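Bear in mind the structure is a predicted one, so any value in this text is a computation, not a measurement. Every heavy atom of this structure was used, including side-chain atoms; hydrogens, water molecules and symmetry mates were not.
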Protein chains: 2
Amino acid sequence: MFSKSCEYGIRAVIYIVSASKNGERVGISEICQNIDAPEHFTAKILQILTRNRIVSSQKGVHGGFYLDDYQKGLALIEVVTAIDGKTLFTGCGLGLKQCSETNPCPIHSKFKSIRNDIKKMLEQTTIEELGNSIKKGKSVLKTLKI
Amino acid sequence: MFSKSCEYGIRAVIYIVSASKNGERVGISEICQNIDAPEHFTAKILQILTRNRIVSSQKGVHGGFYLDDYQKGLALIEVVTAIDGKTLFTGCGLGLKQCSETNPCPIHSKFKSIRNDIKKMLEQTTIEELGNSIKKGKSVLKTLKI
DNA sequence: CAAATAAAAGACAAATTTATCCTTTATACA
DNA sequence: TGTATAAAGGATAAATTTGTCTTTTATTTG
């Protein structure tokens with residue numbers, strides 16, 4: 001469904017929101033320890049997100065990543081689109097470039113509703129909402145240690 | 001969503017069903033010309049499907065690929081599972097191995113309904129049904145030449 | 001200003017997916 | 001029975017994705 005990059009990206013932003021109380025910044029190593037992701041690789045993904053102004057960052061001492069109030073309210077679809085592009089919502093299920101309403105592939109209509117559901121779900125879910133779910137302990141971002 | 005292999009595999013079986021009138025066999029080069037897919041690569045995917053008894057094949061003169069009546073009635077999910085496995089229906093949206101009902105990721109429940117919809121769609125759609133859509137000219141499997 | 005810190009960026013490597021080529025095996029039919 | 005045919009299978013290559021390492025840049029703080 002999502003690429004590994006996108007999975008790490010989503011997990012990272014959710015962690016940042018859940019961990020940075022009152023504007024505190026979170027470092028890349030802390031992030032990656034808490035989402036079970038490779039550090040340098042995830043750093044590059046966060047670079048993409050900061051370039052797209054989905055995440056904010058600060059270099060130097062006490063630097064790190066954080067989300068401002070506007071960014072917290074962004075929907076998950078912003079993260080997904082920045083990393084994986086729009087193919088998941090717009091592309092043909094069978095990979096046909098010319099597939100369209102007037103020139104449909106055999107599963108076009110059946111696929112359309114699913115694509116729309118995915119899109120709707122990602123549009124309606126905010127980063128903050130998912131961060132709160134982590135804060136409250138209702139969900140997790142990594143394998144629990146035993 | 002699906003891998004390239006899976007896209008080619010689905011397109012191939014739909015073409016075979018749509019093109020093989022009364023048990024006629026269809027050769028790999030004809031298949032690939034009509035679904036815009038690389039020949040040798042698609043041949044390997046059809047090998048997987050024949051090993052899984054989703055497609056039938058015959059070597060030698062007048063050989064080729066075909067689907068018997070039972071195989072025509074198979075659902076698309078058989079094709080997808082044989083090629084891409086079950087991760088699309090069972091895996092976590094954020095790639096967490098331990099994600100489950102009791103230990104959910106933040107998007108677990110929202111994702112579940114979408115996964116179920118995809119699964120349901122693939123279970124309810126038969127290969128034959130899609131082949132008929134092609135036969136009737138209601139849909140296409142490749143870019144139309146202008 | 002200098003040192004320490006942390007993200008940004010660039011270069012490179014491993015792994016996986018996608019694609020191609022060549023040889024082998026099975027089948028039909030003359 | 002032998003030859004042509006077409007799928008099966010093996011080996012290899014290209015492309016993409018994923019992952020690592022090192023250097024550079026910006027910022028804070030003493």
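- Spacing between atom CD of B/Glu30 and atom P of D/dT5 amounts to 17 Å, rounded to whole angstrom units.
- Nucleic acid contact for B/His40: base, since at least one base atom lies under 4.0 Å from a heavy atom of the residue.
- Annotation: cation-pi pair B/Arg115/B/Phe89 absent, no NZ/CZ under 6.0 Å from the ring centroid and within 45° of its normal.
- Checked for salt-bridge contact, B/Lys110 and A/Glu129 meet the test: a charged N lies under 4.0 Å from a carboxylate O.
- Applying the 4.0 Å criterion to OP1 and OP2 of D/dG9, one finds that B/Arg51 has a side-chain N or O inside that range.
- When each of C/dA8, C/dT18, D/dA8 is scored by its nearest atom to the side-chain atoms of B/Phe65, the top-ranked nucleotide is D/dA8.
- When each of D/dT20, D/dA8, C/dA7 is scored by its nearest atom to the side-chain atoms of A/Pro38, the top-ranked nucleotide is D/dT20.
- At distances below 3.5 Å, at least one donor-acceptor pair connects side-chain atoms of A/Arg11 with backbone N or O atoms of A/Asp36.
- At the heavy-atom level, B/Gln58 lies under 4.0 Å from the strands shown only through sugar-phosphate atoms.
- Backbone-only contact: B/Ile28 has heavy atoms under 4.0 Å from sugar-phosphate atoms and none from a base.
- The phosphate of D/dT17 (OP1 or OP2) has no side-chain N or O of A/Ser5 nearer than 4.0 angstrom.
- Between the C1' atom of C/dA8 and the CZ atom of A/Phe41 lies a distance of 16 Å, rounded to the nearest Å.
- Under 3.5 Å, the side chain of A/Gln47 and the base of C/dA7 form no donor-acceptor pair of N or O atoms.
- Among the heavy atoms of the strands lying under 4.0 Å from A/Val26 are primed sugar atoms or P, OP1, OP2 only; no base atom is included.
- Without hydrogens or angle criteria, A/Gln71 side chain to A/Asp68 main chain gives a donor-acceptor distance under 3.5 Å.
- Note: CZ (B/Phe2) to P (C/dT17) measures 16 Å, nearest angstrom.
- Between A/Arg25 atom CZ and D/dA26 atom P the separation is 17 Å, expressed in whole Å.
- A salt bridge does not link B/Lys21 to B/Glu24: none of the charged nitrogens lies less than 4.0 Å from a carboxylate oxygen.
- Side chains of A/Lys72 and A/Thr126: a donor-acceptor N/O pair is absent below 3.5 angstrom, by distance only.
- Residue B/Val61 has its side chain nearest to D/dA4 when only C/dA7, C/dA19, D/dA4 are considered.
- When the side-chain nitrogen and oxygen atoms of A/Tyr8 are compared with OP1 and OP2 of D/dG19, one or more of them lie within a distance under 4.0 Å.
- A donor N or O paired with an acceptor N or O is found under 3.5 Å between the base of C/dT25 and the side-chain atoms of B/Lys59.
- If you find the closest nucleotide of DNA chain C to A/Gly60 and to A/Ala43, the one lying nearer the 5' end belongs to A/Gly60.
- What separates CD1 of A/Ile48 from P of D/dG19 is a distance of 13 Å, to the nearest Å.
- Here C/dA6 presents its C1' atom at 11 Å from CD1 of A/Ile31, a figure rounded to the nearest Å.
- Taking atom NZ of A/Lys44 as the reference point, atom C1' of D/dT17 lies 14 Å away to the nearest angstrom.
- Between A/Thr50 and C/dA8 there is a side-chain N or O to OP1 or OP2 distance below 4.0 Å.
- Atom NZ of A/Lys4 is separated from atom C1' of D/dT16 by 16 Å (rounded to the nearest Å).
- Contact annotation: B/His62 side-chain N/O to D/dA6 OP1/OP2 distance is not under 4.0 Å.
- Residue B/Ser29 has no polar side-chain atom (N or O) positioned under 4.0 Å from OP1 or OP2 of D/dA6.
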